Colleague: 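This is the structure, below, for whatever I ask next.
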Amino acid sequence: MNFQTPMTAAHPLSPLSGDEIKQVAAIVRRDVENGADILFETIELAEPDREVVRAHEQGTTSNRSAWANVYHHTRPGVTRCLVSLTNDAVVSQSYREDAQPLISAAEFMGIENAVKSDPRFIAACKRRGIDDLTHVTCDPWSAGNFGFEEEKGRRISHVFCWIRNSELDNHYAHPIEGLNATVDISTQEVLVVIDEGDVPIPRAEANYDRTFQKVVRDDLKPIDVVQPEGVSFKLDGRRLTWADWDMQIGFNPREGLTLHDVSVAGRPVLYRASIAEMVVPYGSPKGAHPRKNVFDIGEYGIGRLCNSLELGCDCLGAIQYLDAEINSLDGGVETIKNAICIHEEDMGILWKHWDFRLNRTEVRRARRLVVSTIATVGNYEYGYYWYFHLDGEIEFEMKATGIINTTACEPGKPGLHGVEVSPGVRGQIHQHTFCARLDMAIDGDANSVVECNTYADPAGPENPYGNAFRQHETVLETEKGAARKADPSTHRYWKFTSSDRTNHVGGKTAYKLMPSSTVTPFLSPDGPSGRRAGYTFNDLWVTKFDADQRFPTGEFVNGSDGSDGFPNFTSQNRPIVDTDIVAWHVFGLHHQPRPEDWPVQPCITCGFKLMPVGFFDDSNVRDLPWEKNAASCSLSEST
Ligand code: NI
């Protein structure tokens, strides 16, 4: 008899466990050429087809597979391996010579140290009066693809430099303008040191660290979030349920937080949702600044840069955390404790009505479920907040905080493309342009997309008083036809409709996407940065589901030429009616820095909403209990 205990079946969309990551690394080392020297860019779950996920829900155990992107420092390119954990084998491997791996956080300090050891850089510092380089910092930016001869075939980082006045001092207050270097990340060879201009280094301090706060205000009393009976959500493994909502919480090193199989009231809405890319282009044509056009997700991997969140600081109230396990370069495991935060928030009133004839009031309070994570990319923090509301609305909010990227200028002369935030310290105009990948599943996998625009009716006998206006609906039939811009003048939005279900008035059940944070791109589409940021030139793209189309900039972004991703994803112009569609929504922040963003930027936000429209037969929230919050008190009089 066989007394082997069957393995507990992980949900097929659960991220790889630490043990699974180690197993993948061991298989790859064993089965891929020169395995001993391999570096592991990414080890992540190979998400199975949805048929497998559905079969799991019916009780069938599924196989576990992983993607491993691996490389060697001694040769260019990346080998992409599909690994079966179940069969303990590499299933397939393909080598792409032109691909470059993500820049790993583990490589950041190596880049800085290489630059600071270079005699040309040391001489450039000396020319600026810096003899001791201890407090000089070099931020390792991705370098783009500018076609410079010495960079061809190499994996490059391009650095910008600052200096601290003392150990805890905010170095971004002291930019070393005109001093840059390019480094081969693999060999740590410094290729070029650029030392130009004579802009003085601003040395006035601008600190936010608590050590420097001489006066701390004491006029704010605590606000506590108290949930005496516990929380209303339940987490079972990675399955999160709350009110009518049900979803799986995923995570991967590149996108960070992902959501899967999101349903409300037992009906599917989204098969998968993530923020799949962002790009941050800066607007200055001067010096080395045109190189600043960084794809934080595709070039670094935002999941690997997630913070360990702190109770009572990042998160208030009764908090459920999830850890994230990611691979290290050597195939080991790094655990980010408390990477994902799950909690509930009061949201003011949900609905209210006073019937003045009856003098009766009905009011119900709103609350939302929040699933969030925060990543640090160099000087910036990005807070990802997914909100689930009681009325079926899904909302995403991005909070950008941290420290603006600074450059130095002659005091009083910031030039055309920036703002002086402090004497001699300049923030340049820039944008943060995100792309949400939304694999829609409104009441099933077969969906269509409808564009809704409101126009005034023409004047005439049918519109005698000139007041008529109405909504026009157009089904977007093909991928190229669904590459769309927002249009506030027609209150344009897009509706994702079910092919299988209608509501009680005969309409197709649907959710609408409200584009509320669109960003006008200013990059030339033909320039070295613009042609790599093709996705930013529309606010909506819709594609027929294709498992290989995961990222709007393609699988490998570092040093890419822009030929992968959008607009090429739509080149086949596939039909997108009554089929499995993926919506890609582009949104973001247009950011002309303010002095108020300095020295630490209070959160600025952008996002979008997915709102049920004819998905339910009515407002669906009458059944909330009538109640008064007993912990509330009136300060004006006793009630
Ligand atoms: Ni910004």
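This chain uses plain numbering: 1 for the first residue, then up along the sequence. No experiment lies behind these values; they were computed from the predicted model shown. One-based numbering, in listed order, for ligands and for the atoms of each.
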Colleague: Under the criterion ring-ring contact (aromatic ring centres under 6.0 Å, His included), which of Tyr384, Phe587, Phe396 is the partner of Phe434?
Modeller: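 In the set Tyr384, Phe587, Phe396, the residue that makes a ring-ring contact (aromatic ring centres under 6.0 Å, His included) with Phe434 is Phe587.
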Colleague: Run the ring-centre check on Tyr535 versus Trp541 and record whether the distance is less than 6.0 Å.
Modeller: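 No, the ring centres sit 6.0 Å or more apart.
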Colleague: Are Tyr282 and His417, when compared by the centres of their aromatic rings, separated by less than 6.0 Å?
Modeller: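 No, the ring of Tyr282 stays outside the 6.0 Å limit from the ring of His417, centre to centre.
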Colleague: For residues 99-115, pull every pair meeting side-chain hydrogen bond (donor to acceptor under 3.5 Å, both in side chains), keeping only residues two or more places apart or in separate chains.
Modeller: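 Listed once each, the pairs are Tyr71-Glu107, Glu107-Arg155.
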Colleague: If waters are left out, how many protein N/O/S atoms lie within less than 2.8 Å of the Ni ion (ligand 1)?
Modeller: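 For the Ni ion (ligand 1), the figure is 4.
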Colleague: Got a sec: does the NZ of Lys512 have more than 12 other heavy atoms crowding it under 6.0 Å?
Modeller: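 For Lys512, atom NZ is crowded (more than 12 foreign heavy atoms under 6.0 Å).
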Colleague: Do Trp162 and Thr406 get their side chains close enough for a donor-acceptor pair, meaning under 3.5 Å?
Modeller: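 Result is yes, a qualifying pair exists.
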